[in-house]
Number of protein chains: 2
Amino acid sequence: MAKDEIEAVYRVRTEPSGLGERVEALLLEQTVELRRAAIRSPDVLEHFVGRVIATEEVGTGDFRVRLAQPAEAAANDPAQLLNVLFGNCSLQPDVELEDVRLPQALARTLGGPRFGAAGLRRLTGVRGRALTASVLKPMGLTVDGAAALCRTLALAGLDVIKDDHGLADHPNCRFVERARACLAATADAAGTTGRRATYVPNLIGSPATVLRQAREAKELGVGAVMVSPMLLGLPFLNELARGLGLPVLAHPAFGGAQRIAPVALLGKLFPLFGADAVIYPNAGGRFSYGPEVCLGIARALRAPDSATAPALPVPAGGIRIENVAEALEAYGADTMLLLGGSLLEAPNAGTLLLRGRQFVEAVHAFPYPS
Amino acid sequence: MAKDEIEAVYRVRTEPSGLGERVEALLLEQTVELRRAAIRSPDVLEHFVGRVIATEEVGTGDFRVRLAQPAEAAANDPAQLLNVLFGNCSLQPDVELEDVRLPQALARTLGGPRFGAAGLRRLTGVRGRALTASVLKPMGLTVDGAAALCRTLALAGLDVIKDDHGLADHPNCRFVERARACLAATADAAGTTGRRATYVPNLIGSPATVLRQAREAKELGVGAVMVSPMLLGLPFLNELARGLGLPVLAHPAFGGAQRIAPVALLGKLFPLFGADAVIYPNAGGRFSYGPEVCLGIARALRAPDSATAPALPVPAGGIRIENVAEALEAYGADTMLLLGGSLLEAPNAGTLLLRGRQFVEAVHAFPYPS
């Protein structure tokens with residue numbers, strides 16, 4: 001790979017006899033969007049038409065196609081990069097984006113995680129073990145309800161307590177009031193536990209709304225925020241991470257429908273665009289990723305292709321107290337385990353506190369290989 | 001439907017014996033994200049848990065599921081609305097969003113097309129026939145190249161000449177310089193034709209970049225802009241349309257991969273969020289929608305469920321001069337026909353001018369039913 005090329009790997013379903021033509025069409029679709037013969041400028045041909053690195057048959061009529069596109073096509077812009085990777089060809093159902101590799105200069109322009117796994121450890125003060133996290137829900141809870149739940153989870157010793165991605169600026173639970181009350185709850189609980197949990201509010205809305213929420217959150221002293229990049233737009237994640245000065249947890253909502261392989265989308269594009277930690281549905285829960293995909297996401301987050309900082313994997317969904325050890329066997333210490341429903345379905349605050357403590361205990365006591 | 005409910009229609013693949021359980025899980029997933037038994041607040045149960053309107057088997061193990069979700073869940077926010085419609089369940093491959101109907105109050109909050117089909121007719125001065133449009137491409141062309149192409153297309157009598165969605169702020173073709181030169185080209189051509197073509201620049205980038213481009217475009221006197229809402233984030237389309245004061249053409253790039261039916265995404269959500277005209281891949285081109293889907297998109301744009309303005313359908317791709325009449329038979333006058341490659345693959349400017357004139361002539365001469 002020359003330094004100034006973007007590598008995009010697609011899975012393409014086509015008749016083997018039509019492969020050459022299909023690949024040529026895909027190559028051109030993503031930049032010039034004209035047939036090669038119709039391009040009359042030698043400069044365009046040289047600078048904006050990519051090349052086929054390799055094609056490989058992985059099954060009958062199922063091909064892995066590695067393309068190199070000129071980095072110049074992405075114009076150093078996050079939205080235009082997505083356009084080159086999967087703009088028009090997203091409309092062609094025979095194509096899936098499987099992998100992405102950016103030249104270092106473009107990755108540096110995007111910036112990647114500003115805090116990453118290391119920054120989240122500094123923020124929470126957790127070393128040598130996995131981080132524990134839970135969720136404030138259901139949507140519809142009041143400010144007092146959110147704060148009470150947050151206090152109980154903080155008393156249980158959780159490291160991170162985040163809003164559910166469905167907590168918006170609802171009239172019965174305003175963003176600022178919820179954030180203020182939850183921060184007070186973690187401060188209050190710290191008086192008992194001696195250690196303050198990190199409360200992470202969910203920012204959601206159009207960009208102006210989210211930027212206002214980010215300002216409000218910072219003024220209140222929030223230590224990190226969560227967004228759903230596919231709802232808000234991936235380019236906006238990049239803009240937010242650039243200016244925010246706080247770690248960003250990314251939630252996958254609205255993202256599973258993309259015909260982009262989960263490892264490429266959640267494991268590579270989310271952190272490249274600035275996510276410091278990435279929540280993803282763990283195997284065995286009510287979503288569809290298998291164990292290999294989940295470990296693939298974790299590996300990609302921890303060891304980026306580019307010279308960007310490692311991000312923290314946050315498997316969520318399908319993890320219960322009973323299988324925390326199993327999850328830690330699989331993921332090791334360099335992980336934030338997120339338990340939502342399996343804690344919150346406790347019948348009362350006393351049981352929730354107990355379950356929270358069991359979760360925390362299991363994560364603290366696990367014999368991490370050094 | 002009560003006034004304060006959002007209707008979301010899904011296609012769900014499941015064993016018939018498990019339908020009830022699957023539908024209950026889907027209903028709860030999109031708001032409270034907890035099992036019903038775990039919700040202890042009567043207020044949450046009353047205000048944030050939706051209901052099943054109907055289920056219908058449309059094939060073996062293939063069900064149409066109509067859910068009503070409380071409008072309150074969407075918190076009058078465009079991102080949160082998407083979250084309620086297709087946030088977490090986008091991660092479940094057995095679910096597809098097929099249709100959407102919003103209560104009038106929520107549709108009014110989103111605002112829909114600010115100019116719509118009527119505004120685009122006012123802008124272009126076209127009455128009683130379809131509008132003609134073409135594209136400036138390939139990516140990589142220079143400012144002078146773009147302006148020359150724009151001038152030729154304007155001389156040919158096209159109504160609308162838009163940037164390709166892949167024209168970003170490339171160093172060899174800066175946004176402002178391109179827009180200024182193309183506007184000058186349409187003014188110049190108007191000296192010959194007596195009628196000025198509408199040049200529509202492509203805004204692309206993170207929100208701050210796009211907002212800057214929008215300001216620059218307005219200062220230059222641009223009459224309408226194009227964006228790719230799925231690249232930029234649908235909530236940002238809503239914010240942009242709210243403040244822009246110009247018609248917005250929406251391009252489908254990055255959007256085809258969503259497991260949302262094209263009629264729902266392009267025909268309903270794009271205009272609800274503010275698109276005045278929606279470009280979509282026409283049947284017979286290099287994309288995958290069939291004639292029924294294309295006509296369904298057009299119908300949805302023209303006759304919105306909500307009390308929002310009708311938007312203009314812009315079929316594109318696969319239309320050649322030879323089948324303009326066929327396209328007009330199908331779409332009628334209330335359409336903007338977009339020819340890209342089939343014009344631009346002309347071997348030289350003279351042929352392009354000729355082909356452009358043939359296209360314009362065919363659209364002008366077509367006997368529209370009155």
Side-chain angles (χ1 to χ4, degrees), chain A residues 25 31-35 38-39 41 43-44 47-48 73 75 77-80 82-83 86-88 90-93 137-141 145 164-166 168-170 204-209 228 231-233 235-236 238-239 252-260 281 286-288 341 344-345, chain B residues 25 31-35 38-39 41 43-44 47-48 73 75 77-80 82-83 86-88 90-93 137-141 145 164-166 168-170 204-209 228 231-233 235-236 238-239 252-260 281 286-288 341 344-345:
Chain A
T31 59
V32 289
E33 219 193 296
L34 279 180
R35 289 183 301 111
I39 301 168
S41 154
D43 199 58
V44 171
H47 290 287
F48 289 87
D77 181 89
Q80 175 69 359
L82 290 180
N83 211 1
F86 205 55
N88 266 6
S90 82
L91 300 158
Q92 299 174 322
K137 61 181 179 184
M139 180 193 298
L141 47 63
D164 189 30
H165 70 287
D169 193 25
H170 288 100
I204 188 166
S206 66
T209 303
S228 299
L231 280 177
L232 305 189
F236 179 49
N238 194 244
E239 179 179 319
F254 203 61
Q258 294 291 339
R259 222 170 43 251
I260 303 179
R286 60 197 194 279
F287 301 96
S288 61
L344 301 184
E345 293 184 358
Chain B
T31 60
V32 290
E33 217 194 299
L34 278 179
R35 287 183 301 111
I39 301 169
S41 155
D43 199 60
V44 171
H47 290 286
F48 289 88
D77 180 90
Q80 176 68 1
L82 290 180
N83 212 1
F86 204 54
N88 266 5
S90 81
L91 300 158
Q92 299 175 322
K137 61 181 179 182
M139 180 191 298
L141 46 65
D164 188 30
H165 70 287
D169 193 25
H170 288 100
I204 187 165
S206 66
T209 302
S228 299
L231 279 177
L232 306 189
F236 179 49
N238 194 244
E239 178 179 319
F254 203 62
Q258 294 291 337
R259 222 171 41 250
I260 304 178
R286 57 196 196 280
F287 300 98
S288 60
L344 301 183
E345 293 185 357

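All values below were derived from every heavy atom in this structure, side-chain atoms included, with hydrogens, water molecules and symmetry-related copies excluded.
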Between chain B and each of A:Gly341, A:Gly233, A:Ala38, A:Pro235, count heavy-atom pairs under 4.5 Å; write down the option with the most. A:Pro235
Side chain of B:Gln80, backbone of A:Gly166: donor and acceptor closer than 3.5 Å? yes
For a quick test of reading the model, state the closest non-hydrogen atom pair linking A:Phe254 to B:Phe86 and the distance between them. CD1-O, 3.3 Å
Nearest non-hydrogen partners of A:Ala75 and B:His170, listed with the distance: CB-CD2, 3.5 Å
Note: A:Phe236 and B:Pro207 closest approach over all heavy atoms is CD1-CG, 3.5 Å
Of all of B:Asp164, B:Asn83, B:Leu34, which one pairs up most often with chain A through heavy atoms under 4.5 Å apart? B:Asn83
Cut-off 4.5 Å, heavy atoms of chain B, and the answer for A:Asp77 is side chain
Would the distance check show the side chain of A:Glu33 and the main-chain N or O of B:Lys137 forming a donor-acceptor pair, the cut-off being under 3.5 Å? no
Contact origin within A:Ala25 toward chain B - heavy atom pairs under 4.5 Å: neither
Gap separating the CD1 atom of B:Ile39 from the CG atom of A:Leu141, nearest 0.5 angstrom: 10.5 Å
Between A:Glu239 and B:Ala208, which heavy-atom pair has the shortest distance, and what is it? OE1-N, 2.7 Å
Of all of A:Gly145, A:Ala168, A:Pro78, which one pairs up most often with chain B through heavy atoms under 4.5 Å apart? A:Ala168
Quick one: does A:His165's side chain get under 4.5 Å of B:Asn88's, heavy atoms only? yes
Validation row: A:Pro138, B:Val44 side chains within 4.5 angstrom (heavy atoms): yes
Contacting region of A:His47 [heavy-atom separation from chain B under 4.5 Å]: neither
Non-hydrogen atoms of chain B under 4.5 Å away: do they reach the side chain of A:Ser41, the backbone, both or neither? neither
